[in-house]
Every structure is written in C-alpha cells, then in structure tokens.
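Working notes for the structure below.
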Amino acid sequence: MVSKKKKASVVVDVVKDAPLKTKEYEKELRRLHVELVKLQQWVVSKGLKVCIVFEGRDGAGKGGTIKAITERVSPRVFRVVALPAPTEKEKSQLYFQRYVPHLPAAGEIVIFDRSWYNRAGVERVMGFCTPEQVDKFLDGTPVMEKAMVDAGIILLKYWLEVTPKEQERRLRDRINDGRKTWKLSPMDIKSFNMWDDYTVARDAMFAATDTAWAPWFVARSEDKKRVRLNIISHLLTQIPYKELHVEPVELPKRKIGKVKPTKYPFRYVEERF
C-alpha cells in the first residue's frame with residue numbers, strides 16, 4: 001500500500017497547461033473513439049470483464065469524462081452504473097451487496113459514476129455512517145477488490161482532481177445555466193464548505209486502498225477537454241487489445257418502387273427549423 005506522504009506529492013492544485021483548442025480536441029477524440037470501438041470488439045470477442053471506477057469531488061468532471069468515453073460505443077457493452085441513495089433495505093445489507101450485481105460479466109465494460117467509495121467520501125464527510133463503518137470499509141475494500149481481480153475482472157480506478165477555484169466556477173455555472181441545473185444537488189451545496197474534510201477523506205482512502213492489484217490513477221481535471229483525452233488514452237493502455245479482422249462490407253443493390261405510395265394520413269412533426 002502507498003503511504004499518505006507519498007500520495008501528497010501526487011495530487012496538486014497547480015495547472016500549468018493552456019486550455020486545449022476545440023479543433024485539436026475533436027480531432028484527437030475522434031481518433032480515440034475509433035480505438036475504443038476496437039477495444040469494444042476485443043472485449044466482446046475475448047469475453048473480458050472490465051470495471052472502471054470514477055471518483056472525485058463535486059464538479060470534478062466525472063460525468064463529462066464518462067460521456068466522452070461512451071458516446072460512440074455500444075451501451076450493451078459499455079454499461080454505466082450511477083446508483084441512487086440506498087434504500088432502507090439496502091442500508092441493512094452487507095455494504096458491498098448493492099454493488100456486486102452490477103459488476104461486469106464476460107464481454108462487458110462497466111463504468112461506475114461514483115461507486116462503493118461513497119463510504120470513504122461523501123458518507124464519511126456528511127456523517128451518513130459511523131467512523132467504525134469507515135474503518136471497516138477501508139480495511140475490507142482491498143480484500144474485496146483482490147477477489148474481483150482474482151475472478152478475472154480488470155479493475156481501473158480514477159480520481160479526478162480539481163482545484164477549489166475551478167470547482168466553485170463549475171458549481172456556479174450549474175446554478176446559472178438552465179441546461180445544468182439538474183446536476184446541482186442539495187448535497188453539493190452542503191459539501192461546498194467541506195473542502196478540507198474531503199481532502200482528509202481522500203488521503204485516507206488513497207492510503208488504505210491504493211494497492212498493487214487495484215491502484216488509484218489521479219487525473220488533473222482543470223481542463224475538461226484534456227482530462228477526457230488523457231483518461232481515454234490511459235485506459236486504452238491498461239487493457240491489452242488488438243484490432244480484430246473484419247470482412248469488408250458492401251451494401252447490396254436494392255429495388256425500390258414496387259409498392260405504391262401510401263395514402264395513410266401520417267401525423268408529421270411540425271418543421272419549425
């Protein structure tokens with residue numbers, strides 16, 4: 001496991017790179033999407049089981065990064081899991097129990113938009129669980145993840161790190177932009193003044209769960225375009241794959257015109273544009 005001292009030098013609040021231009025971003029994203037399709041075909045063909053966990057503070061860019069990964073691949077292969085708050089029944093279960101049914105089967109890539117690490121983050125900071133429950137979680141998670149890896153699951157864990165200034169800008173944007181208001185939850189507001197508490201929780205989580213078999217990868221998310229490209233590029237290096245041979249496809253010649261136009265009174269959508 002990695003000590004807190006060693007991890008402290010990894011997560012920084014300094015942004016050195018200039019924002020990435022949209023044209024450059026779209027060109028590289030297109031190339032990476034082609035590679036993700038190749039990966040998808042390989043995973044299905046070989047029956048691989050891939051689990052990708054995304055964690056980070058509110059407004060760190062998890063949702064946008066996941067969308068960039070999944071927008072050109074099949075939702076039947078790349079399955080996104082974003083669980084709501086646990087029910088009373090789920091609260092009484094073994095903690096990991098509600099997550100296990102969502103783990104990947106052969107030929108699947110499951111992406112968790114927040115995961116079992118809620119216990120180490122928001123549940124701990126907001127007082128939704130006891131300190132004893134947090135300690136048990138941090139002790140047991142490496143064992144659980146070792147069992148996942150031993151069962152053949154390729155497990156990738158990403159932490160998106162954002163600075164306080166950029167986080168505040170994004171949260172204010174959610175308030176003022178009608179397209180983004182759904183992203184702002186009451187929990188975001190309650191958590192706003194708990195930056196240091198989340199830092200302490202993050203560092204404890206890294207120290208306990210950054211293991212040789214399931215390491216944490218930290219990505220600076222100050223520039224949304226850069227972090228999306230960086231993470232996609234990285235995950236492609238973590239899952240060995242090859243391009244499968246696909247036979248060339250040609251559309252057959254088709255015959256149209258044997259059926260007379262219908263007189264059915266279709267209800268056409270008004271063409272306002």
Side-chain angles (χ1 to χ4, degrees), residues 7 9-40 43 50-75 77-82 109-115 117 121 156-185 188 191-192 195 198-199 202 206 215-239 241 243:
K7 272 294 171 186
S9 64
V10 176
V11 182
V12 294
D13 288 341
V14 179
V15 179
K16 299 179 181 179
D17 300 316
L20 193 64
K21 295 181 179 179
T22 299
K23 188 175 181 179
E24 182 181 353
Y25 166 72
E26 291 178 349
K27 179 181 178 181
E28 184 62 16
L29 185 60
R30 181 183 179 89
R31 184 189 71 79
L32 291 173
H33 279 160
V34 172
E35 294 303 313
L36 284 172
V37 170
K38 294 177 185 177
L39 172 65
Q40 171 181 272
V43 166
V50 182
C51 181
I52 306 174
V53 169
F54 279 97
E55 293 290 343
R57 303 174 193 268
D58 298 324
K62 298 179 292 297
T65 300
I66 292 171
K67 184 176 180 180
I69 293 171
T70 59
E71 64 181 338
R72 295 292 180 177
V73 291
S74 171
V77 179
F78 281 77
R79 184 160 53 85
V80 179
V81 176
I109 299 174
V110 173
I111 301 176
F112 280 92
D113 185 352
R114 294 197 182 277
S115 65
Y117 282 101
L156 299 175
K157 302 187 302 190
Y158 290 104
W159 174 272
L160 274 61
E161 184 66 15
V162 66
T163 62
K165 182 178 179 181
E166 178 61 15
Q167 185 200 43
E168 180 172 346
R169 187 196 69 77
R170 292 178 185 178
L171 292 178
R172 291 190 184 282
D173 193 38
R174 292 179 181 181
I175 296 173
N176 300 321
D177 190 334
R179 300 167 300 172
K180 301 178 181 179
T181 52
W182 65 272
K183 292 184 176 182
L184 192 68
S185 70
D188 294 336
S191 300
F192 186 67
W195 180 274
Y198 274 101
T199 299
R202 177 203 64 193
F206 281 171
W216 278 102
F217 297 105
V218 179
R220 289 189 303 161
S221 65
E222 205 73 3
D223 185 328
K224 293 180 179 180
K225 295 185 180 73
R226 286 187 186 279
V227 74
R228 293 167 189 173
L229 298 182
N230 288 335
I231 286 181
I232 295 174
S233 299
H234 183 270
L235 76 85
L236 287 169
T237 68
Q238 299 299 303
I239 310 170
Y241 71 98
E243 182 177 2

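In this structure, Glu55 and Phe112 have side chains that are not in contact, with every pair of non-hydrogen atoms separated by 4.5 Å or more. Using a 4.5 Å heavy-atom cutoff, the side chains of Ser233 and Leu32 are in contact. The side-chain heavy atoms of Leu235 and Ile69, taken from C-beta on, include a pair separated by under 4.5 Å. Residues Leu29 and Arg228 fail the side-chain proximity criterion, which asks for heavy atoms closer than 4.5 Å. No side-chain heavy atom of Phe54 sits under 4.5 Å from any side-chain heavy atom of Val80. For the pair Leu20 and Leu229, the minimum side-chain heavy-atom distance is below 4.5 Å.
In terms of heavy-atom proximity, Ala60 sits nearest to Ser221 at O-OG, 2.7 Å. Residues Ser191 and Tyr198 share a closest heavy-atom pair of OG-OH, 3.0 Å. Of all non-hydrogen atoms in Trp195 and Val162, the two that sit nearest each other are CH2-O, 3.1 Å. Taking every heavy atom of both residues into account, Val50 and Ile239 meet most closely at CG1-CD1, 3.7 Å. Across all their heavy atoms, Ala68 and Ile232 have their closest contact at O-CD1, 4.0 Å.
How far CG of Asn230 is from CZ of Phe217: 13.5 Å, rounded to the nearest 0.5 Å. With values rounded to the nearest 0.5 angstrom, Leu39 atom CG is found 12.0 Å from Glu243 atom CD. With rounding to the nearest 0.5 Å, the separation of CG in Asp58 from CZ in Arg170 is 12.0 Å. Expressed to the nearest 0.5 Å, how far CD of Gln167 lies from CZ of Arg169 amounts to 11.5 Å. Separation of atoms OH (Tyr241) and CG (Leu236) is listed at 4.5 Å; rounding is to 0.5 Å.
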Would Gln40 and Ser74 count as a side-chain hydrogen bond (donor to acceptor under 3.5 Å, both in side chains) if you check the C-alpha gap in whole Å, the side-chain angles of each, and the deciding distance to 0.1 Å? CA-CA 8 Å; Gln40 171 181 272; Ser74 171; 4.6 Å; no
Show your working on ring pair (Phe, Tyr, Trp, His ring centres under 6.0 Å) between Tyr117 and Trp159 and close with a plain yes or no. CA-CA 11 Å; Tyr117 282 101; Trp159 174 272; 9.2 Å; no
Before you tell me yes or no, could you show the steps for Arg57 and Thr199 under side-chain hydrogen bond (donor to acceptor under 3.5 Å, both in side chains), namely the whole-Å CA-CA distance, both residues' side-chain angles and the distance that decides it to 0.1 Å? CA-CA 9 Å; Arg57 303 174 193 268; Thr199 299; 2.7 Å; yes
Would Val110 and Phe78 count as a side chain to side chain contact (heavy atoms under 4.5 Å, CB included) if you check the C-alpha gap in whole Å, the side-chain angles of each, and the deciding distance to 0.1 Å? CA-CA 6 Å; Val110 173; Phe78 281 77; over 6 Å; no
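Each of Val81, Ile66, Leu156 was checked for a side chain to side chain contact (heavy atoms under 4.5 Å, CB included) with Ile111, and the lone residue meeting it is Ile66.
Residues Glu28 and Arg31 are paired through a salt bridge, judged by an N-O separation under 4.0 Å between the basic side chain and the carboxylate. With respect to Glu161 and Arg220, no salt bridge is recorded, no charged nitrogen being found less than 4.0 Å from a carboxylate O. Between Asp177 and Arg179 there is a salt bridge, since a side-chain N of the basic residue sits under 4.0 Å from a carboxylate O of the acidic one.
Around the CZ atom of Arg114, the shell of radius 6.0 Å holds more than 12 heavy atoms that belong to other residues, nucleotides or ligands.
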